> 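For reference, the structure I am asking about is given below.
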Amino acid sequence: MIDGGTERELSATIAQLVQRLKGSHLHSQLERRAKDCLHQPEIKLESLKEDVRHFLRVSGWEKKLHNAVYREMHVQPPLSLLPTPPEHRKEPLLYMRSAQASWERRVLKSLSSMSSELGVPLARKRPAAEQKELANKWNEMSTDEPDLSQFRPVYAPKDFLEVLIGLRNPNHDHSEQVSTRSHWGLIQLPLSVRDCGSDVLGLNVRSYCGSDVLGLNVRSYYVFESQHVEVGKKVVLDQDSAAAQQYSRQGCPMGLRADLWALILNATNQAQDMMHYEQLKAGVIQHDMLVDNLIYKDVKLTASNDDYYFVFEDFLYQVLMCFSRDTAILEHFMYNSASPPRSFIQGGGRGVIPFHGFSMYVAPLCFLYNSPSELYSVFREMYVRYFFRLHSVSSSPSGIVSLCLQFERLLQAHLPQLFYHLRQIGAQPLRIAFRWMVRAFSGYLSTDQLLLLWDRLLAYDSLEILAVLAAAVFAFRSDNLMEVTSLASAEAVLADLSTLKVMPLIQIFLFASAA
Amino acid sequence: MRDVWFLSREERPCVNYKCGLLNTIQDVLRQRPGWTEVKEEGEWDFNWCDVAWLRENFDNTYMEEHVRICHFRNHYELTRKNFMVKNLKRYRKHLEREAGRSEAARCDFFPQTFELPGEYHLFVEEFKRSAGSTWIMKPVARSQGKGIFLFRKLKDITDWKKVRHVCLQDGTRSEEQKNDVHVESYVAQRYIENPYLISGRKFDLRVYVMVTSYIPLKAWLYRDGFARFSNTRFSLSSIDDQYVHLTNVAVQKTAPDYDPEKGCKWQIQQLRRYLTAKHSRETVETLFKEIDNIFIRSLLSVQKVIINDKHCFELYGYDILLDDCLKPWLIEVNASPSLTASSQEDYEMKCRVLEDTLHVVDMEARLTGREKRVGGYDLMWNDGPVFREDAGPETLSSSCFTANTHLGCVNDRKRQLRQMFKPLPGHKRI
């Protein structure tokens with residue numbers, strides 16, 4: 001019976017995948033290739049099917065199909081065979097759905113009132129002269145100095161945190177007294193999260209840390225490193241998404257990282273991607289949106305002031321303005337608890353309202369990719385797979401709610417004295433760690449460390465590492481934190497993370513907590 | 001930075017120093033344990049002077065054996081643009097005679113340069129041959145971007161010549177300029193029209209090289225350094241906008257939209273990582289090897305000209321520009337690289353460089369003299385190339401030697417210094 005069940009699930013999943021890939025560009029390319037290869041002499045009528053299959057395998061097209069299927073499997077929620085209404089597929093818990101819906105209404109209301117206060121429409125068509133001007137200075141939008149003083153970010157991470165703190169499951173009894181068994185943190189929800197450090201990444205600590213690296217003397221380390229690079233080159237040559245993902249568990253060499261990430265995400269930069277980007281760019285030139293001003297302001301406030309990323313200001317505008325007009329993003333809302341605000345769409349927008357710090361999701365990618373269309377392609381994939389979960393209310397294990405809970409539970413389990421102390425002085429740890437996690441640590445860590453962290457994010461296909469790192473940072477600075485007596489001084493101790501080395505920190509924390 | 005873990009009480013020396021500058025070096029000297037500043041005419045063991053003081057006093061100052069001073073008497077052979085070019089050209093010719101054309105071609109890291117007014121006719125010939133290209137005019141003795149301008153037409157400089165001839169009659173000419181005729185010496189240099197751009201912005205590199213002796217040549221390369229970005233996007237159409245083209249921080253500061261809080265600098269480690277991500281590791285390694293080549297050849301070219309003096313050492317600031325083929329070009333060498341800090345990060349880096357410079361100078365006599373690394377400095381040349389691999393039986397047969405340079409690599413100087421200065425158990429330092 002069980003076998004039959006999984007059989008059915010498997011064929012249903014396959015059917016769904018086939019459905020999704022059917023209309024795609026890859027499908028038409030495969031068809032064309034298959035048709036073209038019929039002219040080849042080695043294709044015989046008697047063994048047509050096998051010969052065509054062989055041809056596709058040998059010419060690398062089967063690999064591309066593998067990668068596309070792999071990508072779809074990552075992005076789809078687990079299939080349920082019971083008839084479920086679409087909202088349930090997005091988010092099974094009712095109270096989460098309603099919390100997300102009311103948050104969206106608030107955000108949209110804020111945006112609309114800004115629009116009416118300032119007399120700026122949500123969207124408008126640009127006059128021809130303005131379109132021409134924008135097209136001319138597309139590559140140097142940073143030189144523009146529009147008056148943005150009246151625009152405020154629609155919300156900041158701390159506003160979102162307040163919403164999460166207020167979440168309650170109406171079916172859960174909160175009347176227990178505060179005790180050592182209760183949860184000391186801000187998130188009071190009965191969600192199940194993995195709170196044993198080494199479980200978090202779903203495998204034992206040794207293999208996670210790369211047992212080859214541990215215990216080696218210096219000479220052998222160089223040998224390991226050069227071998228790692230050689231293997232990496234082979235992986236890139238092979239063009240296999242699954243292999244690239246497995247390889248990245250031990251970090252990506254800087255010279256190969258761009259290719260590896262694109263491979264893992266199956267973010268291609270072919271003609272159709274470039275065309276898509278050009279279409280979006282045309283959309284930006286034709287229509288002006290209120291959201292554009294918010295993007296502009298966000299970039300000026302965050303990335304432009306950052307020592308590492310100020311140089312990429314122009315790229316950030318080019319990517320983010322296109323992003324806010326991309327309808328393909330809408331399809332991710334099918335598995336996101338969020339819904340694209342309807343009136344926003346009517347006004348010409350496409351669904352994602354940026355908050356303060358949003359541009360920092362893109363900034364580190366500018367380090368790796370040269371052309372705006374390639375950068376855009378990779379960013380879009382990262383957003384629909386991971387980043388969207390960091391600012392929507394859902395019960396997903398990679399969602400921000402679970403991450404917050406995970407962080408607090410890890411801290412309470414492994415550093416109870418510290419947690420208690422911070423709580424007593426009014427410095428709830430989540431208040432500090434939240435901003436790191438919402439931004440996936442971008443802008444807080446130094447660039448090279450951030451990229452190493454995001455290697456693991458992609459490799460393990462999970463955002464849980466963010467909660468583990470946040471807890472590890474607290475553990476690392478616990479001596480100093482035990483001395484502080486106010487929230488302000490706790491923040492000061494944790495203000496500068498730029499000197500931290502991510503992997504050793506996580507390793508120390510995982511080993512200590514596994515003991 | 002301010003720790004004294006490396007010195008025990010008995011070991012702490014007493015060094016009297018004199019310091020003519022009022023910036024980061026003051027802080028570093030003041031915090032060095034056992035070092036005291038002498039005022040005015042007091043006897044000093046160590047002098048961090050400016051070049052003006054050197055010019056006036058070096059020749060009539062007697063220095064005992066242990067005394068150290070931070071400049072070579074005629075450093076300008078390397079650092080004044082016209083002398084450097086002359087020395088490099090001569091060295092190149094010498095190489096061509098001795099070792100052939102390909103070896104000499106390794107000196108082709110400086111853009112075509114002509115000294116004016118002396119080489120004016122040669123310059124005009126070349127200018128006409130490469131019609132349409134852009135040239136840059138630089139005064140030989142000034143720094144911080146002063147007096148520099150770009151031109152494409154000969155008309156632009158004939159006007160300038162007339163003007164200079166008329167107005168330069170004041171008495172503020174230095175000893176080097178005394179021998180010049182009416183017009184102050186300038187160099188005209190081929191402008192690099194295809195610089196490597198990051199996000200449309202031009203940048204140049206500042207790298208620190210320290211020389212403790214010319215004969216034999218002993219030179220150290222510092223791992224840290226920085227890339228200075230121009231505030232505005234690069235475009236050849238605005239050659240009148242000198243703010244675009246001159247990336248010196250000193251000039252940037254006077255540009256109308258300069259924001260001192262805005263980081264215009266990247267640490268060289270950041271740049272190296274960026275280039276590795278955008279190109280490949282091999283490409284970037286090749287690039288840095290070529291940059292090493294610039295240091296070594298420029299120093300070798302003045303080796304026989306500089307008056308060697310065991311009391312002298314010098315910290316040079318090399319300015320390097322990359323073009324879009326990732327070829328490095330030497331722009332200039334500074335004998336007094338700016339030690340004023342533009343930000344906290346910059347201040348810390350300059351403190352590191354200066355502290356390690358003092359470690360290498362070793363007034364406290366703690367080094368054996370066989371070190372290949374001191375803090376953030378790697379010994380690059382010691383009367384011959386220095387390799388990372390220690391020569392020994394297993395390396396004799398190997399043909400693969402890597403240079404002992406780590407520009408843009410991790411600078412774990414504290415750990416290294418701690419290890420180096422740790423007294424060995426049972427050993428007494430001679």
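Values below: all heavy atoms of this structure, side chains included; hydrogens, waters and symmetry mates excluded. Not measured: the values here are computed from a predicted model. Chain identifiers are assigned alphabetically (A, B, ...) following the order of the sequence lines, protein sequences preceding nucleic acid strands; residue numbering begins at 1 within each chain.
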> How far apart are the closest heavy atoms of B:Q270 and A:F367, and which atoms are they?
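Residues B:Q270 and A:F367, closest heavy atoms: NE2-CE1, 3.4 Å.
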
> Nearest 0.5 Å, please: how far is CG in A:D448 from CD in B:Q269?
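Here the rounded value is 9.5 Å.
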
> Show the nearest heavy-atom pair for residues B:A277 and A:A258, with the distance to one decimal.
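Where B:A277 meets A:A258 most closely, the heavy atoms are O-CB, 4.5 Å.
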
> Show me the pairs that pass salt bridge (Lys or Arg N to Asp or Glu O under 4.0 Å) and involve residues 492-507 of chain A, at least two apart or across chains.
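Applying salt bridge (Lys or Arg N to Asp or Glu O under 4.0 Å) to every pair that reaches into residues 492-507 of chain A, excluding sequence neighbours, yields nothing.
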
> Rounded to the nearest 0.5 Å, what's the gap from CE on A:M254 to NE2 on B:H279? Could you check?
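Spacing of CE (A:M254) from NE2 (B:H279) equals 12.0 Å.
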
> To the nearest 0.5 Å, tell me how far A:S446 OG sits from B:R273 CZ.
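Result: 6.0 Å between the selected atoms.
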
> Side chain, backbone, both or neither: which part of B:E345 has a non-hydrogen atom closer than 4.5 Å to chain A?
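For B:E345, the contact with chain A is made by the side chain alone.
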
> Could you tell me which residues satisfy side-chain hydrogen bond (donor to acceptor under 3.5 Å, both in side chains) with A:R477, sequence neighbours excluded, listed by chain and number?
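side-chain hydrogen bond (donor to acceptor under 3.5 Å, both in side chains) list for A:R477, sorted by chain: empty.
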
> Any Lys/Arg nitrogen of B:E282 or A:K233 sitting under 4.0 Å from an Asp/Glu carboxylate oxygen of the other?
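Between A:K233 and B:E282 there is a salt bridge, with a charged N closer than 4.0 Å to a carboxylate O.
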
> Which atom pair, heavy atoms only, marks the closest approach of A:C366 to B:Y274?
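Closest approach of A:C366 to B:Y274: O-CE1, 4.3 Å.
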
> Enter the distance from A:F310:CZ to B:F229:CZ here, rounded to the nearest 0.5 Å.
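One gets 5.0 Å once the value is rounded to the nearest 0.5 Å.
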
> Which of the residues A:T447, A:L256, A:D259 is involved in the greatest number of heavy-atom pairs with chain B at under 4.5 angstrom?
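Looking at each option in turn, the highest pair count goes to A:T447.
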
> Where do A:V229 and B:R281 come nearest, in terms of heavy atoms and distance?
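Between these two residues, the closest heavy atoms are CG2-NH1, 3.5 Å.
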
> For A:Y369, which atoms come within 4.5 Å of any heavy atom of chain B: side chain, backbone, both, or neither?
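Just its backbone gets close to chain B.
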
